[in-house]
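Whatever order the structure lists ligands and atoms in, that order sets their numbers, starting from 1. The analysis underlying the following values was restricted to heavy atoms, covering all of them including side chains, and did not include hydrogens, waters or symmetry mates. None of these values were measured; they are calculated from a predicted model.
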Amino acid sequence: MKIGIGNDHVAVEMKKEIVEYIKSLGHEVIDYGTNSTESTDYPKYAEIVAKAVVNKEVDCGILICGTGVGMCIAANKVKGIRAVVCSEPYSAKLSKEHNDTNILTFGARVIGPELAKMIVYEWLNAKFLGERHKRRVDLICDIENRC
Ligand code: RB5
């Protein structure tokens, strides 16, 4: 898969480690920055990666900030994005199987790199299960189209 990744200044080191890990799994990574530890604003990177996902430049996205929360909120503002913030692998896996998430976020101040790798692994390897879950995801899309 081709995976887009973005982060703010808090998560530069974590991002580097995650990029190497994703590559070691055989995936291609597009790094949308930042690669500077100078203070920046996470919504910029969330928007860039979210647009890359909806425009199909990449298959899915990963966003890292201090908590993962700001990135998740910002990415979910882009139509077609279903982003999830995870601090453990179970929710990451189920978010793909049931909710068809297309962006994963997490916090470099919340979890360490080894737990982050487990979360990434489960999320990348999970598949959307469709059927009743598709009906529910379609209802989410309806809200997006109405509101
Ligand atoms: C930056 O200080 C911090 O607010 C950001 O990394 C993130 O945690 C926001 O949700």
Side-chain angles (χ1 to χ4, degrees), residues 1-25 27-128 133 136-147:
M1 281 195 290
K2 194 188 274 192
I3 295 147
I5 195 161
N7 59 283
D8 71 0
H9 54 287
V10 173
V12 173
E13 286 309 311
M14 170 77 94
K15 189 269 296 290
K16 286 180 188 163
E17 207 161 326
I18 295 301
V19 165
E20 289 314 307
Y21 177 65
I22 294 170
K23 286 181 177 170
S24 79
L25 296 175
H27 300 291
E28 186 182 344
V29 181
I30 310 284
D31 182 358
Y32 292 95
T34 182
N35 285 299
S36 165
T37 53
E38 195 175 316
S39 183
T40 187
D41 300 321
Y42 61 82
K44 294 177 190 170
Y45 299 94
E47 183 176 356
I48 291 167
V49 172
K51 284 180 172 169
V53 172
V54 294
N55 293 333
K56 300 193 188 305
E57 290 162 33
V58 292
D59 297 303
C60 60
I62 294 180
L63 291 164
I64 320 169
C65 60
T67 58
V69 173
M71 285 292 200
C72 189
I73 293 170
N76 276 316
K77 297 296 178 192
V78 176
K79 191 173 180 178
I81 292 300
R82 287 175 303 283
V84 61
V85 54
C86 288
S87 298
E88 38 74 30
Y90 180 78
S91 299
K93 181 176 187 223
L94 270 287
S95 81
K96 185 75 80 64
E97 290 184 351
H98 289 195
N99 315 112
D100 199 18
T101 48
N102 47 17
I103 289 187
L104 170 70
T105 82
F106 48 86
R109 287 175 171 156
V110 179
I111 58 172
E114 296 310 314
L115 181 53
K117 288 174 197 172
M118 290 178 75
I119 290 167
V120 166
Y121 183 87
E122 292 297 332
W123 189 70
L124 289 179
N125 284 292
K127 297 273 175 284
F128 181 49
H133 305 296
R136 293 160 187 164
V137 171
D138 286 346
L139 288 168
I140 294 173
C141 296
D142 288 349
I143 297 171
E144 193 172 52
N145 290 327
R146 277 201 316 272
C147 300

Problem set entry | Taking atom 9 (C) of ligand 1 as the reference point, the nearest protein heavy atom with its distance |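 Atom 9 (C) of ligand 1 sits closest to the protein heavy atom Y42 CE2, 3.4 Å.
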For this session: Looking only at protein heavy atoms, identify the closest one to atom 10 (O) of ligand 1 and say how far it is in Å.
Result: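 In this structure, atom 10 (O) of ligand 1 has G70 N, 2.9 Å as its nearest protein heavy atom.
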Problem set entry | Candidate with minimal heavy-atom separation from atom 7 (C) of ligand 1, of S39, A74, C65, A46 |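 Closest candidate by heavy-atom distance is C65.
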For this session: From atom 8 (O) of ligand 1, work out which of I73, V69, T67 has a heavy atom at the shortest distance.
Result: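 Nearest heavy atom to atom 8 (O) of ligand 1 lies in T67.
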For this session: Identify, by atom number and element, the atoms of ligand 1 in contact range of R109, meaning under 4.0 Å from any of its heavy atoms.
Result: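 Going through ligand 1 atom by atom, the ones under 4.0 Å from R109 are 2 (O).
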For this session: Would you mind listing which atoms of ligand 1 come within a distance below 4.0 Å of any non-hydrogen atom of D8?
Result: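 Close to D8: 1 (C), 5 (C), 6 (O).
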Throw together a table of side-chain donor-acceptor distances under 3.5 angstrom for residues 44-52, partners on residues two or more places apart or in other chains.
{"from": "E47", "atom 1": "OE2", "to": "K51", "atom 2": "NZ", "distance (Å)": "2.6"}

Exercise. Within the side chain of D8, is there an N or O that forms a donor-acceptor pair under 3.5 Å with the backbone of D41?
Worked result: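 Flag not set: sc D8 to bb D41 has no pair under 3.5 Å.
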For this session: Measure from the side-chain N and O atoms of K15 to the backbone N and O of N35, and report whether any donor-acceptor pair falls under 3.5 Å.
Result: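 Not a single qualifying donor-acceptor pair exists.
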Exercise. Nearest 0.5 Å, what's the CD1-NZ distance between I119 and K93?
Worked result: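 It comes to 14.5 Å.
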Pair up each side-chain donor or acceptor in residues 78-89 with any protein partner under 3.5 Å, not counting sequence neighbours, and list the distances.
{"from": "K79", "atom 1": "NZ", "to": "N145", "atom 2": "OD1", "distance (Å)": "3.0"}
{"from": "R82", "atom 1": "NE", "to": "N99", "atom 2": "O", "distance (Å)": "3.1"}
{"from": "R82", "atom 1": "NE", "to": "D100", "atom 2": "O", "distance (Å)": "3.0"}
{"from": "R82", "atom 1": "NH2", "to": "D100", "atom 2": "O", "distance (Å)": "3.0"}
{"from": "R82", "atom 1": "NH2", "to": "D100", "atom 2": "OD2", "distance (Å)": "3.2"}
{"from": "E88", "atom 1": "OE1", "to": "Y90", "atom 2": "N", "distance (Å)": "3.0"}
{"from": "E88", "atom 1": "OE1", "to": "S91", "atom 2": "N", "distance (Å)": "3.0"}
{"from": "E88", "atom 1": "OE2", "to": "S91", "atom 2": "OG", "distance (Å)": "2.4"}

